[in-house]
There are 2 protein chains.
Amino acid sequence: MEIIEQDKRKCPTHLSTGECKTRLLPVKDALDILSGKWKLQIILSLTFGKKRFKQIQREIPGLTPKMLSKELKDLEMNELASRHVYDTSPVTVEYELTTYGKTLKPLIGELHKWGSKHRKRIIGRK
Amino acid sequence: MEIIEQDKRKCPTHLSTGECKTRLLPVKDALDILSGKWKLQIILSLTFGKKRFKQIQREIPGLTPKMLSKELKDLEMNELASRHVYDTSPVTVEYELTTYGKTLKPLIGELHKWGSKHRKRIIGRK
DNA sequence: TATATCGGTATCTTTTTGGAAAGCGGTACC
DNA sequence: GGTACCGCTTTCCAAAAAGATACCGATATA
């Protein structure tokens, strides 16, 4: 999921390498951040404020600690969420969206708009 | 990949079922249409005009007929692309984005905008 | 007759992704 | 001493996505 890895993606031959990089890769970057089984729900959960690890897990049924841990690390690596450890007992760990992470909101909003129309169109057609 | 299947997705408990449906599912619908290894490249290829099957395949190195066939069917099912068969020999089959399919462009544009900034941010930080 | 093209399909294998279960160090509570 | 909670990690496994390869009927070309 690292951005460097993604540079290995091949480009269509009808696009010059440079064109492909600038046209395709950024879109894939954005998609990678949002797609996957849990990412969206975790981000959505964090838009309602700081959350502790177990708290997120409880809010999202079926989410295992392994997956949550992995997704939160992804979010951290991409500077979209931050992790704060408090020296209590038992230890308290809080996650929250960074200011930067909140810039995802309008993007998700656009996906939502398109997706809603699509949903109506496809469901309405049967 | 069918929209009906997606209704089986579970909702976070802190959202009522209705809220979850209207908040989350449409976003997932949009993401499903764009994510995957080849979708974006195929859509991009079609934004340059009608294309024949083999033509698309040649433009996108590594793309097997099985995957191309599957993705084109997906696009058709979602009314994003149309398929035209011409009675020539050998048979000619052309695919093109529908008018509706072209509504994806601004959405992809938004993903591109966010992704470009992200790319600069993450690459620039090393 | 042999070979190639088009638009695929069918079968099998590999890779990627996600899930289930257990466990760990630290603390707290009974 | 036993059990429970927090925030994870580890290991092993199943399901899903994608790749490799071969093949098909119809037609054209050498």
Side-chain angles (χ1 to χ4, degrees), chain A residues 1-6 8-10 12 28 31-43 45-46 50-77 81-96, chain B residues 1-6 8-10 12 28 31-43 45-46 50-77 81-96:
Chain A
M1 202 63 64
E2 270 194 74
I3 211 163
I4 295 307
E5 286 304 312
Q6 297 169 4
K8 291 177 190 160
R9 291 179 296 225
K10 285 174 194 158
K28 293 226 179 201
L31 286 173
D32 276 349
I33 279 173
L34 296 173
S35 63
K37 190 164 178 184
W38 303 109
K39 290 224 178 67
L40 216 53
Q41 288 181 74
I42 293 169
I43 291 169
S45 163
L46 290 179
K50 295 181 191 178
K51 295 277 169 70
R52 297 178 61 175
F53 189 92
K54 268 276 149 61
Q55 202 177 353
I56 302 173
Q57 209 195 320
R58 270 189 302 257
E59 280 180 4
I60 306 178
L63 177 54
T64 61
K66 174 186 154 189
M67 290 310 293
L68 178 53
S69 165
K70 190 208 138 219
E71 303 292 17
L72 288 171
K73 277 176 191 164
D74 266 21
L75 289 173
E76 257 198 281
M77 279 191 355
S82 56
R83 181 177 184 267
H84 307 278
V85 185
Y86 299 99
D87 193 11
T88 57
S89 61
V91 63
T92 302
V93 181
E94 278 183 350
Y95 294 88
E96 68 179 320
Chain B
M1 202 65 63
E2 269 195 75
I3 213 164
I4 296 308
E5 287 303 313
Q6 296 169 6
K8 291 176 190 161
R9 290 179 296 223
K10 284 175 192 156
K28 293 227 181 204
L31 285 173
D32 276 349
I33 280 172
L34 296 173
S35 62
K37 191 161 177 184
W38 302 108
K39 290 225 179 67
L40 215 52
Q41 288 181 73
I42 293 169
I43 292 170
S45 164
L46 291 178
K50 295 181 190 179
K51 295 277 169 70
R52 298 178 61 176
F53 190 91
K54 268 274 148 60
Q55 201 177 354
I56 302 174
Q57 208 195 323
R58 271 190 301 259
E59 280 181 3
I60 306 179
L63 177 54
T64 61
K66 174 185 155 192
M67 290 310 294
L68 177 54
S69 166
K70 190 207 137 220
E71 302 292 17
L72 287 171
K73 277 176 190 163
D74 266 21
L75 289 173
E76 257 197 281
M77 280 191 354
S82 56
R83 180 177 184 267
H84 308 280
V85 184
Y86 299 101
D87 193 13
T88 57
S89 61
V91 61
T92 302
V93 182
E94 278 183 349
Y95 294 89
E96 68 179 318

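Residue numbering restarts at 1 for every chain, and letters A, B, ... go by the order of the sequence lines.
- Side chains of R83(B) and V93(B) form a contact here, defined as non-hydrogen atoms less than 4.5 Å apart.
- Following rounding to the nearest Å, L68(A) (CG) and dA20(C) (C1') show an atom-to-atom distance of 16 Å.
- Side-chain N/O atoms of K66(B) and base N/O atoms of dG19(D) include a donor-acceptor pair closer than 3.5 Å.
- Protein atom NE2 of H84(A) is 16 Å distant from nucleotide atom C1' of dG7(D), rounded to whole Å.
- Residues Q41(A) and K28(B) form a side-chain contact, since some pair of their non-hydrogen atoms from C-beta on lies under 4.5 Å apart.
- Positionally, the nearest nucleotide of DNA chain C for F53(B) lies more toward the 5' end than for the other of F53(B) and K37(A).
- With rounding to whole Å, E71(A) atom CD is found 14 Å from dT16(C) atom C1'.
- Closest to the K70(B) side chain, of the nucleotides dG19(D), dA18(D), dG7(C), is dA18(D).
- The backbone N or O of P65(B) lies less than 3.5 Å from no partner atom in the side chain of K70(B), so there is not a single donor-acceptor pair.
- Between the CD atom of E76(A) and the P atom of dG7(D) there is a distance of 14 Å, rounded to whole Å.
- Side-chain N/O atoms of K73(A) include one lying less than 4.0 angstrom from OP1 or OP2 on dT9(D).
- Counting to the nearest Å, the P atom of dA18(D) and the CH2 atom of W38(B) are 10 Å from each other.
- No side-chain heavy atom of Y86(B) sits less than 4.5 Å from a side-chain heavy atom of V91(B).
- With the nearest nucleotide of DNA chain C identified for both G36(A) and S69(B), S69(B) has the one nearer the 5' end.
- In this structure, L72(A) places its CG atom 8 Å from P of dC8(D), rounding to the nearest Å.
- Applying the 4.0 Å criterion to OP1 and OP2 of dG7(C), one finds that R52(B) has a side-chain N or O inside that range.
- Residue contacts shown for K54(B) include a base, since a base heavy atom lies under 4.0 Å away.
- Side chain of T92(A) to main chain of T88(A): no donor-acceptor pair is present (N/O by atom type, distance under 3.5 Å, no hydrogens or angles).
- Going from atom CE of M67(B) over to atom P of dT9(C) covers 13 Å, rounded to whole Å.
- Under the 3.5 Å distance criterion, the side-chain polar atoms of K51(B) are matched with a main-chain donor or acceptor of S45(B).
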Base-contact (B) and sugar-phosphate-only (S) positions in nucleotides 25-30 of chain C, heavy-atom cut-off under 4.0 Å, - elsewhere: -BSS--
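- For the pair E71(A) and D74(A), the minimum side-chain heavy-atom distance is below 4.5 Å.
- Taking only side-chain nitrogens and oxygens, Y86(A) never comes nearer than 4.0 Å to OP1 or OP2 of dG7(D).
- Atom CD1 of I42(A) and atom P of dG18(C) are 10 Å apart (whole Å).
- Residue R83(A) places at least one side-chain N or O closer than 4.0 Å to OP1 or OP2 of dC8(D).
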